[in-house]
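Position 1 is the first residue of the sequence, and the numbers go up from there. Keep in mind that the numbers below use all heavy atoms, side chains included, and drop hydrogens, waters and symmetry copies.
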Amino acid sequence: MEYLHHPRVLILVGILSTPVYITLAKMFWGEKFESLGDTIKFLFTPDFYSLFKGRFWDDWYATTKFNIFLLLCFGWAAAITEMLARHVL
């Protein structure tokens with residue numbers, strides 16, 4: 001895990017990877033981010049409240065989708081930084 005020793009490179013790769021993040025977001029939420037609003041709403045809605053509203057599984061799905069998106073974004077930046085740290089730096 002060489003990327004941990006190069007935090008500046010990780011931040012730079014994270015910023016320069018914005019087009020990748022946008023492409024991933026389009027894959028998750030549609031071409032014009034149609035369902036992103038619902039996902040953000042469910043992120044701030046407690047699961048207990050969603051359970052009583054009858055939308056628990058919608059909440060769970062939206063939250064899980066957002067967490068997977070974040071994991072993929074960080075994984076991309078970490079993988080690119082790891083490759084750079086092992087082969088260039």
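Proximity of Ile68 to Phe28: side-chain heavy atoms (C-beta onward) are separated by under 4.5 Å at one or more points.
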*asked:* If you apply the rule side-chain contact (heavy atoms from CB on, under 4.5 Å), what do you find for Leu24 with Cys73, and how did you get there?
replied: CA-CA 8 Å; Leu24 277 172; Cys73 289; 4.2 Å; yes
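Linking Ile, Leu, Val, Met, Phe, Trp and Tyr whenever their side-chain heavy atoms come within less than 4.5 Å leaves Phe66 and Tyr49 in two separate clusters. Using a 4.5 Å cut-off between side-chain heavy atoms of Ile, Leu, Val, Met, Phe, Trp and Tyr, with links allowed through other members, Tyr3 and Leu12 fall into different hydrophobic clusters. With hydrophobic clusters built from ILVMFWY side chains whose heavy atoms lie under 4.5 angstrom apart, Leu72 shares a cluster with Leu70.
Tyr21 places a side-chain N or O within donor-acceptor distance of the main-chain N or O of Gly14, the cut-off being under 3.5 Å. In this structure, Thr64 contributes its side chain and Tyr61 its backbone to no donor-acceptor pair below 3.5 Å.
Under a 4.0 Å N-O distance rule, the pair Arg86/Glu2 does not qualify as a salt bridge.
Atom-to-atom distance recorded for Phe56:CZ and Thr45:OG1 is 13.0 Å, nearest 0.5 angstrom. The OG atom of Ser17 sits 6.5 Å away from the CD1 atom of Ile80 when rounded to the nearest 0.5 Å.
Annotation: Trp60 is not in aromatic contact with Phe42 [ring centroid separation under 6.0 Å not met].
Side-chain contact annotation: Asp59 with Thr63, donor-acceptor N/O pair under 3.5 Å present.
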